[in-house]
Amino acid sequence: MPYRVCFVCSGNICRSPTAEIVFRRLLGEAGLDGAVEVDSAGLGDWHVGQAADARAADALRRRGYDPGGHCARQFRAADFRERDLVVALDSGHEHGLRALAPSARDREKVRMLRSYDPQAGRGTGDLDVPDPYYGGDAGFERVLDLVESACRGMLLEVRRMLVAQP
């Protein structure tokens with residue numbers, strides 16, 4: 001059975017689909033795409049059924065990613081049963097996910113994306129990927145920078161977990 005990861009942000013049109021797309025490509029490059037399933041969701045329901053934000057999609061395309069095919073969905077408590085790792089994009093998402101988790105075991109599945117980046121939070125402790133929605137293109141580029149760095153660290157951790165599985 002594959003290891004299952006879900007990235008979660010507010011509405012599933014900016015940060016979490018960006019992380020999903022970046023991580024999926026890294027898995028493919030590492031030859032792990034068959035061993036790990038990746039998706040994304042939002043805590044809120046206001047964008048359900050929508051494609052990725054055009055600015056997020058443009059930022060991804062500029063770096064050679066394919067943002068096509070994304071359809072926003074809402075994360076539900078039942079999703080914990082089908083995921084091994086639930087990755088929050090900011091501390092608000094982390095708290096929301098932990099509150100939604102049906103059990104202590106499910107709460108343990110929740111991690112902050114930038115906790116995988118050894119450069120993140122140095123001196124500040126801030127692990128949030130900032131919400132670019134109300135800003136310009138530079139915010140989406142910044143999100144992509146942070147996501148790429150954290151996903152590279154996350155890939156190392158997921159690879160170790162796969163090797164350790166019985």
Side-chain angles (χ1 to χ4, degrees), residues 1-43 52-53 56-57 59-67 69-70 72-73 75 79-98 100-101 104-132 139-166:
M1 176 180 278
Y3 189 79
R4 296 154 305 176
V5 177
C6 185
F7 294 96
V8 180
C9 69
S10 300
N12 193 217
I13 60 166
C14 297
R15 293 173 284 176
S16 59
T18 295
E20 174 188 355
I21 290 163
V22 167
F23 196 59
R24 186 173 284 129
R25 182 161 90 182
L26 288 173
L27 289 167
E29 291 170 354
L32 296 174
D33 47 346
V36 182
E37 290 179 1
V38 183
D39 70 343
S40 62
L43 283 175
D53 183 283
L60 286 159
R61 278 189 209 94
R62 282 191 292 273
R63 296 202 195 172
Y65 296 97
D66 178 7
H70 176 73
R73 70 176 196 86
F75 191 88
D79 290 331
F80 278 102
R81 274 194 314 265
E82 301 167 358
R83 305 297 183 287
D84 299 295
L85 180 62
V86 179
V87 184
L89 276 286
D90 71 27
S91 57
H93 306 135
E94 178 188 31
H95 295 301
L97 286 164
R98 289 185 192 280
L100 186 63
R105 183 174 179 266
D106 290 324
R107 282 188 293 281
E108 291 173 5
K109 296 177 181 181
V110 178
R111 291 278 308 266
M112 293 281 289
L113 174 61
R114 292 194 65 218
S115 69
Y116 294 102
D117 183 346
Q119 302 302 313
R122 290 203 173 182
T124 66
D126 182 11
L127 296 178
D128 287 355
V129 175
D131 188 351
F140 290 88
E141 292 293 336
R142 175 74 176 134
V143 163
L144 195 44
D145 290 341
L146 297 173
V147 166
E148 285 178 331
S149 183
C151 280
R152 284 190 290 274
M154 187 176 160
L155 178 65
L156 297 174
E157 180 66 22
V158 168
R159 186 190 310 260
R160 280 193 287 271
M161 293 169 85
L162 291 171
V163 169
Q165 283 183 343

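Please read these numbers as outputs of a predicted model, since none were measured by experiment. All heavy atoms count here, side chains included; hydrogens, waters and symmetry mates do not.
A salt bridge does not link D53 to R15: none of the charged nitrogens lies less than 4.0 Å from a carboxylate oxygen. No salt bridge links R105 with E108; every basic N to acidic carboxylate O contact stays at or beyond 4.0 Å.
Looking at M154 and V5, their side chains come closer than 4.5 Å, going by heavy atoms from C-beta outward. Considering only heavy atoms from C-beta on, D66 stays 4.5 Å or farther from I21 through its side chain. Two residues are said to be in side-chain contact when any heavy atoms from C-beta on lie closer than 4.5 Å; V22 and L60 meet this criterion. With a 4.5 Å cut-off on side-chain heavy atoms, Y65 and E148 count as touching. In this structure, the side chains of F7 and V147 stay at 4.5 Å or more apart for every pair of heavy atoms. Side-chain atoms of S16 and V8, non-hydrogen and from C-beta on, never get closer than 4.5 Å to each other.
Between the side chain of R25 and the backbone N or O of G64 there is at least one donor-acceptor pair closer than 3.5 Å. A donor-acceptor pair under 3.5 Å is formed between the side chain of T18 and the backbone N or O of C14.
Separation of atoms CZ (R107) and CG (L97) is listed at 12.0 Å; rounding is to 0.5 Å. Going from atom OH of Y3 over to atom CG of L32 covers 12.5 Å, rounded to the nearest 0.5 Å. One finds the CD atom of E94 at 11.5 Å from the CG atom of L113 (value rounded to the nearest 0.5 Å). A distance of 8.0 Å separates CZ of R152 from CG of D117, quoted to the nearest 0.5 Å. Within the model, atoms CD of E157 and OG of S115 stand 8.5 Å from one another, a figure rounded to the nearest 0.5 Å. M161 contributes atom CE, which lies 7.5 Å from atom CG of D84 (distance to the nearest 0.5 angstrom).
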field: CA sep, side-chain torsions, deciding dist, call: D128, M112, side-chain contact (heavy atoms from CB on, under 4.5 Å)
entry: CA-CA 8 Å; D128 287 355; M112 293 281 289; 3.5 Å; yes
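The side-chain contact (heavy atoms from CB on, under 4.5 Å) test with V110 is passed by exactly one of H95, R98, H93, R83: R98.
Enclosure of atom CZ in R111 by more than 12 non-hydrogen atoms of other residues, nucleotides or ligands within 6.0 angstrom is indicated.
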